[in-house]
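Input: a single structure, listed below in structure tokens.
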Number of protein chains: 2
Amino acid sequence: MARTAGVSMSTVSHVINGTRVVEPTTLQRVNDAIKTTGYRHNRLARALARGAGTQSVGVALSAQSNPYLADLVMPIEASLTDHGSLMLLGETHEDAAKEYRLVNALLDRRVDGIILAPTPGAGEQTLPMLAKSGLPVVLLDRLVDAANFDQVGSDNTEPMAGIVDHLAGHGHTRIALIAGIPGLSTSGERREGYLRGLERNGITPIPGLVAEGGSSAGEAGRAMEQLWRRHPRPTAIIPANNYMTVGVLKWLRQARISVPDDVALAGFDDFEWSDLIDPPLTAVAQNWITIGQRAIEMLTDRMAAPDRPPRTERIVASLMVRQSCGCGSDDVPARGI
Amino acid sequence: MARTAGVSMSTVSHVINGTRVVEPTTLQRVNDAIKTTGYRHNRLARALARGAGTQSVGVALSAQSNPYLADLVMPIEASLTDHGSLMLLGETHEDAAKEYRLVNALLDRRVDGIILAPTPGAGEQTLPMLAKSGLPVVLLDRLVDAANFDQVGSDNTEPMAGIVDHLAGHGHTRIALIAGIPGLSTSGERREGYLRGLERNGITPIPGLVAEGGSSAGEAGRAMEQLWRRHPRPTAIIPANNYMTVGVLKWLRQARISVPDDVALAGFDDFEWSDLIDPPLTAVAQNWITIGQRAIEMLTDRMAAPDRPPRTERIVASLMVRQSCGCGSDDVPARGI
DNA sequence: CTGAAAGCGCTAACAG
DNA sequence: CTGTTAGCGCTTTCAG
């Protein structure tokens, strides 16, 4: 290819990278040769020669626990594309071993950075490995304690307390929680928010009103069934996430229990169809777009300044009040929490 | 690293790849050295040296037109991981130029194959480039005519005709279609299915009952509004996809028009919440999981046999009958079409 | 059973 | 303004 242009490969390299001045006619010849030979630049070889990155970042998360992950992943992809990078997307399946393998694969492929929604067991192997790899990393969604990492996720506690506030405002005192996957920081924080909400509304927590929803809609439905057998019954239900909401709603419907007449419902995770559901769902909307954008901003920040102390950012989530909680109004964000 | 083990890099390479017999003690020393030095294999260098692939495939599609893309993308990711590969995911934004840039970026990174949901303009640059790249490619979802490519997507025509059949069975004759983005093969096929359905039910098509839904829920709502002003009105509506359905439903709701009492509704794209919507949605469910799996199977097939003639596969989609069409029953797949 | 050496496709001094 | 040359980190004959 360099020879069909009658120049050295060095010159070719320079015209491709625009990295030094080339006489117009030479430039022309090179460009022509590129067309005719169908030459295609090999970025791998470049990365190797430059000892530089591959213009790609790894994203590892669990779609399983994040059904509308397009909201989260696509902003990340978009920001990356703007910077000329590509996204290597992998699924952890909420399993520490798979996560470890995945992150290894990412590291071996010399990604420039990693964005990870850690599994419950990430602290064992994955996080330590990541730490000593020295690669820019930002943790997503599920935040972690021993934080020598940059992190960004929703504030979970206060919005959950806000749900309790709202339900208590409707006069409910027997408020049940259907918790998410145990071990996830998000689950813990939401549980904590639930307790905080009860406390500040002067409601004594009843252990029997906290159910483990497991990790699927089916399990959540069964948990709901248990709850409904309690005596006295809960008058309001808080599903801790999307899947729990689906499960609860389906069980309620087949049991012909009416929402919000027989039981009120307000939980985590809003989505486009929320107000078309029967009844329109009151739910906390997480700001996925912002979370995704901040993630890659924090990543590029860290690339620029590798040893600035790590930061943790909480992104505001807001309660979308509709009818499942017992309200009559339409789409009104209650308050930024 | 090779020196801390006291062996040649050649040997190191061989123990890593298990590519020749090594004396146990040497092997031990190498493995130890790997641990202590924190050595990490560079797959880029390997790919370069081997002149082989990078164990990664590129996936290019538009999430925008595919809101529940997790269903499609995650099966692909899963199959890939099983084969030790990783997925480079990029978004075309339904824009031929962006798509072209993206596919170029993928090619430059020496992916082993590409899975593409082509934009309407893909035939201009992207497809030709892909063709002469000689890389294994499978086209997804939107199928293309000049097919020297492997392709896999839903059958769109017959299921759409099936919707018309069903609606006609309820006695409807003024059946409106809110079409999807023009230029996409899926939109065209669905339109065709609509016509076929009318014809075989002895209904004369009325041009005024076919509206362009544009590409967003908002536009679809406005299209619905136009339709509602017609005289006489349509008695049944077919939104050609997810977004159209959201838009139509939202407009109908704010206009206090009842489904299915005032107007029946049945369209394309089912999802997990369909039976929790008010009213439960009758919709055609595409089999995304199968489509995703077949895509990577076809890709690996092609890698094995580069010049087998290309195949096009249509995956069955089935009508999930619920209440928005006027039926009373629960989740019953009507028939595989 | 193991090492030396050439080379994958590119970049980056360093001359000219 | 352009070419020569020495690698980048690995794999792979080819000799020992």
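- For the helix from dC1(C)-dG16(D) to dG16(C)-dC1(D), the angle separating the two terminal helix axes comes to 40°, with each axis derived from five pairs and the value rounded to 10°.
- Comment: Glu189(B) does not engage Arg142(B) in a salt bridge, judged by the lack of any side-chain N to carboxylate O separation of less than 4.0 angstrom.
- Enclosure of atom CD1 in Ile289(B) is not indicated, since only 12 or fewer non-hydrogen atoms of other residues, nucleotides or ligands lie within 6.0 angstrom.
- Using a distance-only test at 3.5 Å, with no hydrogens or angles considered, no donor-acceptor pair links the side chain of Asp150(B) to the main chain of Val138(B).
- Scanning all heavy atoms of the two residues, the minimum distance from Pro136(B) to Asp112(B) falls at CD-O, 3.5 Å.
- Between the side chain of Thr19(A) and the base of dA12(C), no donor-acceptor pair of N or O atoms lies under 3.5 Å.
- With distances taken from any side-chain atom of Ser10(B) to the nucleotides dG3(D), dC1(D), dG3(C), the minimum falls on dG3(C).
- One atom, CD1 of Ile16(B), and another, C1' of dT2(C), lie 16 Å apart when rounded to the nearest Å.
- Within the 4.5 Å cutoff, the side chain of Leu116(A) has heavy atoms near those of the Leu127(A) side chain.
- In this structure, Val12(B) reaches neither bases nor backbone, as no heavy-atom distance under 4.0 Å exists between it and the strands shown.
- With no hydrogens or angles considered, no side-chain donor-acceptor pair links Thr92(A) and Glu99(A) at under 3.5 Å.
- Across dG3(D), dG3(C), dT2(C), the shortest atom-to-atom separation from the side chain of Val7(B) is found for dG3(C).
- For the pair Asp95(B) (side chain) and Ala97(B) (backbone), a donor-acceptor distance under 3.5 Å is present.
- Side-chain contact check for Thr54(A) versus Arg109(B): every heavy-atom pair is 4.5 Å or farther apart.
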Extract from the structure each pairing of a protein N or O with an N or O of nucleotides 8-10 of chain D at less than 3.5 Å, listing the distance.
unit_1, atom_1, unit_2, atom_2, d
dC8(D), O2, Ala49(A), N, 3.0
dG9(D), N2, Ala45(B), O, 3.4
dC10(D), OP1, Tyr39(B), OH, 2.6
dC10(D), OP1, Asn42(B), N, 3.0
dC10(D), OP2, Tyr39(B), OH, 3.3

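- Counted within 6.0 Å of CD1 on Ile34(B), heavy atoms from surrounding residues, nucleotides or ligands total more than 12; the atom is thus considered enclosed.
- Side chain Thr11(B) to base dT2(C): no donor-acceptor pair is found below 3.5 Å.
- The listed nucleotides are dG3(C), dT2(D), dT12(D); the one nearest the side chain of His14(B) is dT12(D).
- Residue Arg20(B) contributes atom CZ, which lies 11 Å from atom P of dT13(D) at whole-angstrom precision.
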